Amino acid sequence: ADKSVYVKSDGTVAQVSQLSAGFHGSEYVFEAGDLGANILINQKAMAYDVTNKVMLCVYCDNSNSSRLTAVAGTVNGSVITWGTPAAHTNYDACTEISVCWDSWSGNFVTCYKDNHSRGRVSVIGVSGTTVSFPGNTNNISGSNTLSWISVAAFPPAQRCMVVYRNHNNSYKLESKVITDHSGTNPNPGCYTATEVDSNNCVGMRLIHDPDANRAVLVYAKTSDSYKGKVRVATCGSTSASWNSEQEFTDNSISTGDSEAQGAIDLVYSEGVDKALVIYHVVDGDSDQILGRRVFSVGSSSVTFTSNDGYIHDTSDLDDSRLSANPANGDILVAYCDWEDDKKGKARLLTINSSGNSVTVGTEQTFNSSVTSSKSTQNIAVVFNQDAGNHVLVYTDNGDSNKGKGIVRTEIGTTVTTENFIGFSSAGYSDGNTATIKVTGNTTTQSSLTAGQKYYVQTDGTLGLTAIIPSVEAGIALS
């Protein structure tokens with residue numbers, strides 16, 4: 001049978017082949033300015049627009065007076081195409097950032113701490129890969145000093161919700177429901193605060209579990225030795241109704257509260273209907289090791305399906321971030337390794353259907369450039385559903401502190417929607433001249449069903465099911 005063929009970047013052609021999962025592509029710069037070499041938390045955030053198939057990275061641009069800046073991008077295979085970064089029009093500098101995409105309004109919503117330590121909320125619009133900041137930017141809680149800000153979208157309620165630590169209210173953990181974030185001239189505002197916890201809490205991460213239609217919040221409680229807590233809430237039209245806290249770990253969590261090492265992150269895996277929380281713990285050697293726990297979400301509480309355990313207990317890690325493939329139980333955890341010049345590394349975690357087992361994959365390095373014992377910092381991760389791949393952004397200390405992105409493919413392929421050209425009429429060796437039957441011609445294939453549409457698979461064979469990327473081969477004639 002004829003072989004599927006694609007055009008390579010040098011203009012030659014090659015047979016379509018399958019790639020193993022990993023970091024096969026190049027790094028793609030989204031910010032050429034110096035983002036700084038300091039270790040800071042929550043300096044980047046990512047979200048993905050499922051409808052328009054575009055991802056957004058929001059970051060603090062140290063090369064431009066620390067202004068809140070956003071850049072949109074698309075992915076084809078392992079290639080990232082970034083648009084032009086756009087700085088916020090109100091000239092806010094920022095020190096913490098969170099962002100979500102709201103399917104109800106069709107907008108991205110970002111919440112951040114500005115250079116006056118106020119919490120701010122703003123809408124970000126994206127057309128193609130062009131970023132804009134329509135409407136007004138408003139305070140979350142007046143001129144109060146806020147920290148550990150995290151925002152999530154709740155489309156069934158036509159609302160977003162933000163959680164934060166209020167320094168002007170005894171450092172209590174509060175939540176507010178966000179409204180008026182839709183349309184072409186949004187005026188996002190917050191309803192009255194709801195007290196989530198009367199104690200000082202840090203490391204907050206908020207998500208929406210769409211299956212349970214509940215808000216899920218994780219954090220470390222300082223008054224209880226920084227133990228890990230989780231709460232479930234219902235997002236209403238003006239406020240959230242929070243249920244009692246539950247403990248996901250009795251370890252003392254290192255959160256990076258003083259902008260040092262540490263992290264908590266939380267992700268929902270649609271493929272197995274489970275949530276995964278990760279957290280940093282200081283071991284006996286003063287290393288930051290990575291803990292984890294899996295749970296399912298109910299109407300008023302969570303059910304832990306795995307024991308408190310560890311993903312990585314032999315290295316000193318920082319800045320750990322998660323993204324989930326909604327098609328299965330695969331979750332990527334990315335981090336920087338302090339015992340290896342802070343190089344950027346990642347592992348694939350696989351949760352089984354019952355949630356009682358987490359398989360930890362082989363460690364892979366995605367950035368190894370180093371300057372002055374610093375390599376990779378301020379990581380953010382998102383799963384690009386159109387490409388079927390995880391996308392990581394980070395500051396590359398080994399390359400003048402540029403902002404970069406890289407793709408971590410699942411089982412990958414050399415073919416993309418743009419480079420597929422057709423089929424070779426025979427087998428050829430490298431360097432030979434080949435005859436190619438281009439798309440629209442007739443090719444000889446075996447065991448096909450007449451009238452059926454066929455798609456190129458990851459290994460170049462043909463199948464009835466479209467993969468990611470979806471490359472149509474043609475319709476079988478006989």
Side-chain angles (χ1 to χ4, degrees), residues 1-9 13-25 47-55 72-81 101 103 106 128-129 210-211 269-273 323-332 348 350 353 382-391 405-425 436-478:
D2 295 345
K3 305 297 184 182
S4 303
V5 173
Y6 74 101
V7 179
K8 298 165 65 177
S9 59
V13 297
Q15 182 179 330
V16 173
S17 59
Q18 189 176 77
L19 300 172
S20 60
F23 299 97
H24 297 291
Y48 182 71
D49 177 345
V50 176
T51 301
N52 296 301
K53 302 177 181 180
V54 64
M55 59 189 179
T74 58
V75 175
N76 190 345
S78 59
V79 177
I80 302 174
T81 301
W101 177 69
S103 61
T129 56
D211 186 68
S269 174
E270 186 177 345
V272 292
D273 190 23
S323 65
N325 182 344
N328 51 39
D330 289 349
I331 294 173
L332 188 73
L348 192 70
T350 302
S353 58
V382 75
F383 189 80
N384 187 305
Q385 294 185 39
D386 181 50
N389 295 326
H390 301 271
V391 181
I406 193 169
V407 175
R408 197 273 185 190
T409 60
E410 299 291 280
I411 298 299
T413 178
T414 54
V415 72
T416 71
T417 54
E418 280 83 18
N419 69 14
F420 176 66
I421 189 173
F423 300 88
S424 65
S425 59
I436 308 299
K437 299 175 180 178
V438 297
T439 303
N441 209 318
T442 302
T443 180
T444 302
Q445 302 288 332
S446 61
S447 303
L448 302 185
T449 301
Q452 291 283 353
K453 180 183 291 185
Y454 283 85
Y455 299 87
V456 180
Q457 304 299 292
T458 57
D459 59 358
T461 60
L462 302 185
L464 294 172
T465 303
I467 61 163
I468 299 175
S470 177
V471 179
E472 184 177 327
I475 297 175
L477 301 178
S478 61

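Counting begins at 1 with the first residue of the sequence. The analysis underlying the following values was restricted to heavy atoms, covering all of them including side chains, and did not include hydrogens, waters or symmetry mates. This structure is a prediction, so every number in the text was calculated from the model and none was measured.
The closest donor-acceptor contact from the side chain of Tyr454 to the backbone of Thr449 lies under 3.5 Å. Side-chain atoms of Gln457 come within 3.5 Å of backbone N or O of Thr465 as a donor-acceptor pair. A distance-only check finds a donor-acceptor pair linking the side chain of Asn389 to the backbone of Gly77 [under 3.5 Å]. Within the 3.5 Å criterion, the main-chain N or O of Phe23 finds no donor-acceptor partner in the side chain of Ser78. Thr414 contributes a side-chain N or O that, together with a main-chain N or O of Ser17, makes up a donor-acceptor pair within less than 3.5 Å. No donor-acceptor distance shorter than 3.5 angstrom exists from the side chain of Ser424 to the backbone of Ile436, with no hydrogens or angles considered.
Taking CG of Asn384 as the reference point, atom NZ of Lys53 lies at 10.0 Å (rounded to 0.5 Å). The line from CG of Asp386 to OG of Ser470 is 9.5 Å long, rounded to the nearest 0.5 Å. Taking NE2 from His390 and CD1 from Ile406, the interatomic distance works out to 13.5 Å, rounded to the nearest 0.5 Å. Of the inter-residue distances, the one linking Glu472 atom CD with Thr417 atom OG1 reads 12.5 Å to the nearest 0.5 angstrom. Summarising the geometry, atom CE belonging to Met55 is positioned 7.0 Å from atom OG1 belonging to Thr74; distances are rounded to the nearest 0.5 Å. Rounding to the nearest 0.5 Å places OG1 of Thr461 at 9.5 Å from NZ of Lys3.
By the 4.5 Å heavy-atom criterion applied to side chains, Trp101 and Val50 are counted as neighbours. At least one side-chain heavy atom of Val75 sits less than 4.5 Å from a side-chain heavy atom of Val391. In this structure the side chain of Ile80 reaches within 4.5 angstrom of the side chain of Val407, judged on heavy atoms. Counting only heavy atoms from C-beta outward, the side chains of Leu348 and Ile331 never approach each other to under 4.5 Å.
Counting only residues at least two apart or on different chains, no salt bridge (charged side-chain N to carboxylate O under 4.0 Å, His left out) pair has a member in residues 454-463.
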